[in-house]
Every structure is written in C-alpha cells, then in structure tokens.
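First listed ligand is number 1; within each ligand, the first listed atom is number 1. Just so you know, residue 1 is the first one in the sequence shown, and it goes up from there. Below, all heavy atoms of this structure are taken into account, side chains as well, without hydrogens, waters or symmetry copies.
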Amino acid sequence: MRFENKVAIVTGGGQGIGKAVAQGLASEGASVVISDINKEAAGKTAEEIEDSCQTKTFAVETDVKKKEAIHNLVALAEKEFGRIDILFNSAGICKRIDIEDISEEEWDEMIDINMRGVFLCSQAVMSIMKRQQQGRILNMASLAGKVGGIAVGAHYSASKAGVICLTKSFARNLGPYGITVNALAPGPVDTAMIQDWPSDVREDMARQAPLGRIAMTEDVAEPALFLLSDAAKHITGEILDINGGILMD
Ligand SMILES: NC(=O)c1ccc[n+]([C@@H]2O[C@H](COP(=O)([O-])OP(=O)(O)OC[C@H]3O[C@@H](n4cnc5c(N)ncnc54)[C@H](O)[C@@H]3O)[C@@H](O)[C@H]2O)c1
C-alpha cells in the first residue's frame, strides 16, 4: 500500500486519466478528493471509489479557471483530512483546430484551464506542503507541449509547453521543502478527449509509435503512481514521455 495515510487532490478526476489515477491512489490507501467542473462525473468517481476501496473520498465541483473555487477545494480537503500530500493536476481541455481559426476567446479559455489552472492549484497547496515539509505535485503536460500542435491546436500545445515550464519553476522553488514537482508528457491517450478525432489521425499517430499503438489510461496511470510514490523521492522537475516511442529525447 504505497499511499497509506496520504491525502490526494485530483483535478479533472471525474473521468479519463484523472479518474484512473484517483482509483489507483485510493486502491493503495490514499484518501482522495475528486475535483472536476463536471459535478456528476466527480460524484460518480467518488462513489465508485468508496464502493471498491476502504478509503475516505469525496467530490468537489471545481472550475480550475476560478481562484476562489480552488481555494474552497483546498480548504475543504484540509478541513476534512488535516493535510494534503498529493496534487494531481489532470483537469484540461483540448481542441483540434487550424492555427488561423483560433479565436481570442478560444485562446484565453485554453490557457486559463490548462496552464493558469495548474498554476493556481499548485500555488493553493504549496503553503500546506511547505508546512508539512513534504508533498508531491504531478502535472499533465503533453507530447504536443514539446513538439507543437500537429494533431491538436496551437493553443493546446502552447498551454502544455507552459505546464512544462511551470513544472520546472515549481520544482526549483519547492525542492528545498521536500516537495517534488513533475509532469507527464503523453502522446495520444484513448480517453473522451480524443474520441472525436478522425480514425485516420488516430491510426497515423499509432503508426508513428515504434510500439505501434496509442496509450490506454493505465499506460499513464502506472507511471503517475510511481512519480507520486515514495520511490520517486529524488525525482523532481522531470517531464516523463509516455508516447510509445513517437518522440525520444
Ligand atoms: N487524452 C490524451 O490524448 C491526452 C494526451 C496528453 C495529455 N493529456 C492531458 O491529460 C489530462 C487529462 O485528459 P483526459 O484524456 O483524461 O481527458 P478527459 O476529457 O477524459 O478528462 C478531462 C477532465 O477535466 C475536466 N475539466 C475540463 N475543464 C475543467 C475545468 N475548467 N475545471 C475543472 N475540471 C475541468 C473534465 O470535466 C474532465 O473530467 C488533460 O490535462 C489533457 O490535456 C491528454
């Protein structure tokens, strides 16, 4: 039980990668706060976890665009459990759109959720983790944040490049307090986020991978759990590729 007595907040925990990581944390002993803008999905994840794991779990409707909502989330978690050991920033949106068609509003929304949301959530837990002299923050970056938007919009890839840099900045600032900050940079992962991608685009991405397929959520969840565990205590500022070999750097 790698996460016994640990308390985790998972943003975007209602579905997809966030849900898979929340389930993994809870199955190994963590108390998990499921946060999502989708109240129903967050509640369902929390219910499923409570039914299958012997840990305390609850859901909080949170829009990561809103600082007040994030502070409410962190306050509720701290009030209930008295500490916060893990923050997994998974909330995000993605859009396939040509670079010349991205409107100002779409740019702002993408950056607000994917990048500013990670900044605000990490900032909101840092004083608690500093006080504890211990903590783990893990962010969802993307292959697109390293190579630019090909299958996805330029605003998405820019937001994820921002997440990569924020990860390193938080890692540098929080290292002296025993807090690690890392990110995952997956290629395409088979979740709702890419379900409307044309099949030829998905097949092309699979063909580009030496391992010959796109990722499933468990391909991402397992490395996430490793980086959140005590075994990864000397890893910080790492941006971990999970792309079947599409990019090797
Ligand atoms: N699926 C992929 O191919 C892929 C690849 C690389 C990185 N990622 C990243 O992984 C993360 C999880 O993606 P996923 O594949 O699980 O997608 P998903 O769409 O299945 O899940 C995203 C979750 O984020 C929530 N969310 C959206 N906007 C929010 C907001 N403003 N506030 C709070 N919650 C919000 C959604 O309700 C949803 O539950 C995202 O950051 C995504 O960019 C995904």
Side-chain angles (χ1 to χ4, degrees), residues 9-24 33-46 48 59-70 72-73 87-96 106 108-122 124 138-153 155-164 166-167 183-197 201-202 205-206 208-209 213-221 223-224 239-244 246-247:
I9 293 177
V10 177
T11 75
Q15 64 179 42
I17 297 164
K19 179 176 180 176
V21 171
Q23 285 171 326
V33 182
I34 308 293
S35 151
D36 204 292
I37 196 169
N38 184 338
K39 187 180 175 186
E40 210 184 307
K44 196 161 171 271
T45 300
E48 284 174 22
V60 183
E61 181 183 2
T62 321
D63 181 348
V64 297
K65 291 197 295 298
K66 300 193 173 138
K67 188 173 177 175
E68 213 175 287
I70 293 166
N72 177 53
L73 163 71
L87 170 65
F88 180 48
N89 282 311
S90 193
I93 57 167
C94 179
K95 192 163 181 191
R96 280 173 51 72
E106 283 170 323
D108 287 347
E109 194 192 23
M110 188 66 73
I111 300 297
D112 278 358
I113 296 174
N114 288 8
M115 187 167 81
R116 190 168 165 274
V118 167
F119 167 68
L120 290 175
C121 290
S122 305
L138 184 62
N139 300 323
M140 285 308 300
S142 169
L143 172 63
K146 290 186 162 189
V147 302
I150 309 159
V152 292
H155 53 345
Y156 178 80
S157 53
S159 73
K160 294 300 186 181
V163 169
I164 289 173
L166 275 175
T167 300
L184 305 178
V189 186
D190 192 15
T191 67
M193 187 166 272
I194 69 160
Q195 254 154 30
D196 63 348
W197 285 21
V201 175
R202 290 169 60 115
M205 296 300 291
Q208 284 182 44
R213 63 174 177 84
I214 65 170
M216 308 304 287
T217 50
E218 61 263 30
D219 296 319
V220 181
I239 314 300
L240 183 68
D241 290 330
I242 307 173
N243 59 43
I246 297 173
L247 175 76

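- Annotation: salt bridge (Lys or Arg N to Asp or Glu O under 4.0 Å) contacts involving residues 140-149, sequence neighbours excluded, comprise K146-D241, K146-D249.
- Residues K160 and Y156 are in side-chain contact: their nearest non-hydrogen atoms beyond the backbone lie under 4.5 Å apart.
- On a distance-only criterion, I37 and ligand 1 share at least one N/O pair closer than 3.5 Å.
- A donor-acceptor contact shorter than 3.5 Å links the side chain of D63 to the backbone of K65.
- The backbone and the side chain of I17 each have at least one atom closer than 4.0 Å to an atom of ligand 1 (non-hydrogen atoms only).
- The nearest non-hydrogen atom to atom 9 (C) of ligand 1, considering only F88, Y156, W197, comes from Y156.
- The contact set between ligand 1 and A91, taken as ligand atoms under 4.0 Å from a residue heavy atom, comprises 24 (O), 33 (C), 34 (N), 35 (C), 41 (O).
- The closest side-chain heavy-atom distance from V33 to L73 is below 4.5 Å.
- K19 is linked by a salt bridge (charged side-chain N to carboxylate O under 4.0 Å, His left out) to E48, counting only residues two or more places apart in sequence or in another chain.
- Counting heavy atoms under 4.0 Å from ligand 1, residue A141 touches it through the backbone alone.
- In this structure, the protein non-hydrogen atom closest to atom 32 (N) of ligand 1 is V64 N, 3.0 Å.
- Closest protein heavy atom to atom 36 (C) of ligand 1: D36 OD1, 3.4 Å.
- Between N114 and S142, the closest side-chain pair of non-hydrogen atoms is not below 4.5 Å.
- A salt bridge links R202 with D190; the closest basic N to acidic carboxylate O contact falls under 4.0 Å.
- Residue T62 touches ligand 1 through its backbone alone, judged by heavy-atom distances below 4.0 Å.
- For atom 18 (P) of ligand 1, the closest non-hydrogen atom on the protein side is Q15 NE2, 3.3 Å.
- In this structure, P186 has a heavy atom closer than 4.0 Å to ligand 1.
- Between atom 28 (N) of ligand 1 and the options I194, D112, I93, the minimum heavy-atom separation is to I93.
- Atom CD of E218 has more than 12 neighbouring heavy atoms from other residues, nucleotides or ligands inside a 6.0 Å radius.
- Counting the atoms of ligand 1 from 1 in the order shown, those under 4.0 Å from a heavy atom of P188 are 3 (O).
- Close approach to S142 involves these atoms of ligand 1, each under 4.0 Å from a residue heavy atom: 6 (C), 7 (C).
- Scanning all protein heavy atoms for the shortest distance to atom 4 (C) of ligand 1 gives V189 CG2, 4.0 Å.
- With hydrogens and angles disregarded, a donor-acceptor distance shorter than 3.5 Å links the side chain of T45 to the backbone of G13.
- The shortest N/O to N/O separation between T191 and ligand 1 falls below 3.5 Å.
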M140 and V163: side chain to side chain contact (heavy atoms under 4.5 Å, CB included), yes or no, with the steps? CA-CA 8 Å; M140 285 308 300; V163 169; over 6 Å; no
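- For the ligand labelled ligand 1, residue G187 lies inside the 4.0 Å heavy-atom shell.
- Of all protein heavy atoms, the one lying nearest to atom 44 (C) of ligand 1 is M193 SD, 3.7 Å.
- Protein heavy atom nearest atom 41 (O) of ligand 1, with residue, atom name and distance: K160 NZ, 2.9 Å.
- Among protein heavy atoms, atom 22 (C) of ligand 1 sits closest to G92 O, 3.7 Å.
- Counting the atoms of ligand 1 from 1 in the order shown, those under 4.0 Å from a heavy atom of D63 are 30 (C), 31 (N), 32 (N).
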(request) Evaluate side chain to side chain contact (heavy atoms under 4.5 Å, CB included) for R96 paired with V201, printing each intermediate quantity in order. (result) CA-CA 11 Å; R96 280 173 51 72; V201 175; 3.7 Å; yes
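- Although no hydrogens or angles enter the test, the distance criterion places no donor-acceptor pair under 3.5 Å between the side chain of D36 and the main chain of A91.
- For N38, no nitrogen or oxygen atom sits less than 3.5 Å from a nitrogen or oxygen atom of ligand 1, counting backbone and side chain alike.
- Contacts between K19 and ligand 1 below 4.0 angstrom, taking non-hydrogen atoms only, are absent altogether.
- Partner I17 forms a side chain to side chain contact (heavy atoms under 4.5 Å, CB included) with one of L184, V10, D219, V220 and no other, that one being V220.
- Of the possible polar contacts, none joining the S90 side chain to the F88 backbone as a donor-acceptor pair under 3.5 Å is found.
- Nearest protein heavy-atom neighbour of atom 11 (C) of ligand 1: S90 O, 3.0 Å.
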